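Just below is one structure, and these are the notes that go with it.
We use all heavy atoms of the structure for the numbers below, so side chains are in, but hydrogens, waters and symmetry mates are not. Each chain gets a letter, A, B and so on, in the order the sequences are listed, and its residues count up from 1. Because the structure is a prediction, the values reported are computed rather than measured.
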Number of protein chains: 2
Amino acid sequence: MTSFLPRRREDSRLREAAWVARCVGDPQTTPLTEEDLTALASYLQPLEFERGAPVFRADEQPTGVWIVRSGMIELAAGRGRRKIVVQMLYTGSVDGDIELILGMPLPYSARAIETTRCLFLASESFEALMREHPTVARRWLSSVAARVARGQQRVMGLLGRSLVEQATRLLLDDQIDERVLLPQRTLAAMLGVQRPSLNKVLKDLEKRGLITLGYGRIEINDAKGLEALAR
Amino acid sequence: MTSFLPRRREDSRLREAAWVARCVGDPQTTPLTEEDLTALASYLQPLEFERGAPVFRADEQPTGVWIVRSGMIELAAGRGRRKIVVQMLYTGSVDGDIELILGMPLPYSARAIETTRCLFLASESFEALMREHPTVARRWLSSVAARVARGQQRVMGLLGRSLVEQATRLLLDDQIDERVLLPQRTLAAMLGVQRPSLNKVLKDLEKRGLITLGYGRIEINDAKGLEALAR
DNA sequence: GGAAGGATGTCATCTCGCTGACATTCTAGT
DNA sequence: ACTAGAATGTCAGCGAGATGACATCCTTCC
């Protein structure tokens with residue numbers, strides 16, 4: 001967990017802040033002022049996590065907000081066979097703010113599954129930002145709203161669906177550039193299903209030419225074909 | 001869909017506004033000013049829905065925000081056997097704001113399953129409120145955050161769990177005063193399972209003395225016993 | 001009071017996904 | 001290059017839910 005931003009210039013911090021602003025909420029509805037950006041920039045703190053390193057543990061109070069700059073973080077609850085992957089964080093994902101706002105402990109653990117760079121907003125910084133910069137708070141609202149919508153989408157994609165439907169939906173939702181760079185074990189945990197069950201489905205999809213399976217990676221060959229299976 | 005508030009006094013509107021304020025977000029962290037409340041009061045519009053009446057339809061753009069004053073609303077997607085109940089709205093629930101904020105169509109239909117009174121915030125009113133009253137927007141943020149947390153909780157309660165675990169968790173979560181006033185058909189749709197499957201589980205719970213089944217109602221006799229089964 | 005529409009209770013059959021186990025293949029790190 | 005650890009591929013047996021069907025019971029509304 002070390003600093004990766006050379007503090008050579010204010011400039012670089014501002015660029016990071018502008019990037020965060022693009023990740024949080026919609027620029028259209030609520031543009032941020034120059035002053036909002038500099039405030040955000042002054043609070044942001046770069047962090048780096050090695051592959052496998054824990055970002056935070058379940059049941060702790062969050063110490064701030066994490067924004068993923070690059071890499072991947074796994075949010076998981078439960079142990080061993082009953083482990084569930086609540087969500088994966090990719091570049092641009094934000095986490096920790098919900099629990100901070102609600103004053104509740106984190107309901108899951110987070111660990112980097114590859115080298116991951118984050119921007120970190122300490123809890124006092126986040127609270128100050130929300131208190132003193134209403135437009136930032138307003139903008140944050142749309143970011144959180146998007147997460148509610150995504151959660152509902154997730155529930156609808158899970159309930160009453162066969163494993164084939166669930167799996168294809170998952171591949172389409174978590175694909176980045178036609179690729180899913182996760183082991184089948186993790187994908188199974190995202191659906192709350194056993195690995196052999198998922199493997200059988202994936203093998204079948206591969207036989208139909210829709211995807212190609214690799215070691216810790218899946219290539220999507222026919223997104224439209226998958227879409228048809230996902231309903 | 002008619003007005004139920006006699007417009008005898010500003011007073012009554014203010015009371016409604018204060019009530020809404022209690023429903024949305026945490027009074028501790030962000031107290032509202034007198035002026036915020038009067039603005040909210042001036043925008044609120046009472047509506048009444050008869051049992052069975054549609055509140056809105058899926059794929060439409062929301063016309064505003066609904067806040068349930070009394071009664072019950074079912075949010076559902078899909079038809080016939082594949083119908084899924086995304087969520088139930090009870091007294092104090094808020095809906096429509098997420099989609100309004102994101103400018104997206106409603107992903108589910110809503111219908112009153114008993115006579116239901118709502119307070120309605122037309123979209124222009126909601127947007128004006130968010131724009132001109134930062135403390136209200138800040139407060140709304142915590143309300144939306146709570147819904148993210150609830151959604152995550154829901155996903156964790158569904159993934160990789162047996163039907164017994166899912167059902168007991170559902171009963172505990174949707175109980176009001178030790179009662180669940182919903183037909184088994186609806187409860188099954190909330191879990192995405194078939195009614196006979198759920199009935200078998202419920203009958204078993206009844207045999208163990210944990211609950212009592214009625215016509216369109218379930219009484220919880222032993223909440224602690226259920227909690228133990230839900231993990 | 002009676003009829004219609006819901007809701008519950010139950011069952012036999014079938015399917016899908018779980019379970020545990022084991023072999024094989026790939027990758028990272030020494 | 002080699003080794004340990006991790007990931008994939010596969011299988012037989014088992015069990016939980018799905019399915020479709022039907023009888024009965026409760027409410028609501030004429």
Side-chain angles (χ1 to χ4, degrees), chain A residues 50-53 72 74 78 80-85 111-115 158-168 170-171 179-207 211-219 229, chain B residues 50-53 72 74 78 80-85 111-115 158-168 170-171 179-207 211-219 229:
Chain A
E50 294 303 323
R51 171 196 165 91
M72 275 165 59
E74 176 193 85
R81 182 173 300 281
R82 311 245 342 195
K83 175 171 132 177
I84 284 172
V85 173
R111 86 174 214 285
I113 60 167
E114 61 182 44
T115 303
L158 287 173
L159 291 189
R161 305 210 170 257
S162 72
L163 188 46
V164 182
E165 293 167 330
Q166 289 183 38
T168 49
L170 178 65
L171 290 177
R179 279 187 188 83
V180 179
L181 298 178
L182 293 170
Q184 293 175 19
R185 168 166 198 77
T186 300
L187 293 173
M190 293 172 81
L191 298 176
V193 98
Q194 292 310 116
R195 189 188 55 82
S197 310
L198 179 62
N199 178 261
K200 192 180 167 191
V201 170
L202 292 176
K203 269 302 184 191
D204 185 54
L205 293 177
E206 187 178 40
K207 247 171 232 154
I211 60 176
T212 306
L213 298 178
Y215 187 84
R217 65 190 292 131
I218 299 175
E219 313 263 347
L229 283 182
Chain B
E50 295 301 323
R51 172 196 163 91
M72 273 165 63
E74 177 194 84
R81 184 173 297 282
R82 310 243 344 193
K83 174 169 131 178
I84 283 172
V85 174
R111 83 175 216 286
I113 60 168
E114 61 181 44
T115 303
L158 287 172
L159 291 189
R161 306 211 168 258
S162 72
L163 188 47
V164 181
E165 292 167 330
Q166 289 183 38
T168 49
L170 178 66
L171 290 177
R179 280 187 187 82
V180 180
L181 298 178
L182 293 170
Q184 293 175 19
R185 167 164 200 78
T186 300
L187 293 174
M190 293 172 81
L191 298 176
V193 303
Q194 291 311 113
R195 190 188 55 82
S197 310
L198 179 61
N199 178 261
K200 192 180 166 193
V201 170
L202 291 177
K203 269 303 186 190
D204 185 53
L205 293 178
E206 188 178 39
K207 247 172 232 153
I211 60 176
T212 306
L213 298 178
Y215 187 82
R217 67 189 291 131
I218 298 175
E219 312 264 347
L229 284 181

Discussion item. Is there a side-chain contact between A:Q194 and the phosphate of C:dT19, meaning an N or O under 4.0 Å from OP1 or OP2?
Written reply: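 True: A:Q194 side-chain N/O within range (under 4.0 Å) of C:dT19 OP1/OP2.
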Discussion item. D:dA6, OP1 or OP2 - any side-chain N/O from A:Q184 closer than 4.0 Å?
Written reply: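 Indeed not, no polar side-chain atom of A:Q184 lies that close.
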Worksheet item: So, for A:A112 and A:E50, which heavy atoms are closest and what is the spacing to 0.1 Å?
Response: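 What the structure gives for the nearest pair is CB-O, 3.6 Å.
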Fill in: B:R51 atom CZ, over 12 foreign heavy atoms within 6.0 Å
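Result for CZ/B:R51: open.
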Rounded off to whole Å, could you give me the [atom1]-to-[atom2] distance for the [X] and [N] pair?
| X | N | atom1 | atom2 | result |
| --- | --- | --- | --- | --- |
| B:R185 | D:dC25 | CZ | C1' | 17 Å |
| B:K207 | C:dT10 | NZ | C1' | 10 Å |
| A:R161 | C:dG17 | CZ | P | 14 Å |
| B:L163 | C:dG17 | CG | P | 16 Å |
| A:L213 | D:dT8 | CG | P | 8 Å |
| A:L159 | D:dG17 | CG | P | 14 Å |
| A:R82 | C:dT19 | CZ | C1' | 14 Å |
| B:R195 | C:dA7 | CZ | P | 10 Å |

Worksheet entry | Side-chain touch B:L229/B:L205, heavy atoms, less than 4.5 angstrom |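 SC-SC contact between B:L229 and B:L205 confirmed.
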Worksheet item: Which ones in residues 198-206 of chain A lie close to DNA chain D, meaning a heavy atom under 4.0 Å from one of its atoms?
Response: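 Nucleic-acid contacts, sorted: A:N199, A:K203.
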Going by atom type alone, with no hydrogens or angles, which donor-acceptor pairs under 3.5 Å involve a side-chain atom of residues 179-193 of chain B and a protein atom two or more places apart or on another chain?
unit_1: B:R179; atom_1: NE; unit_2: B:E219; atom_2: OE1; d: 3.4
unit_1: B:R179; atom_1: NE; unit_2: B:E219; atom_2: OE2; d: 3.4
unit_1: B:Q184; atom_1: OE1; unit_2: B:N199; atom_2: ND2; d: 2.8

Item to complete: Hey, which sits more toward the 5' end of DNA chain C by its nearest nucleotide, A:V193 or A:Y215?
Response: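 Result: A:V193.
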Between atom [atom1] of [X] and atom [atom2] of [Y], what is the distance when rounded to the nearest 0.5 Å?
| X | Y | atom1 | atom2 | value |
| --- | --- | --- | --- | --- |
| B:R161 | B:L163 | CZ | CG | 13.0 Å |
| B:R195 | B:R81 | CZ | CZ | 10.0 Å |
| A:L198 | A:K200 | CG | NZ | 12.0 Å |

Item to complete: From the options D:dA18, D:dT10, C:dA7, select the nucleotide whose nearest atom is closest to the side chain of A:P196.
Response: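 Nearest to the side-chain atoms of A:P196, counting from C-beta on, is D:dT10.
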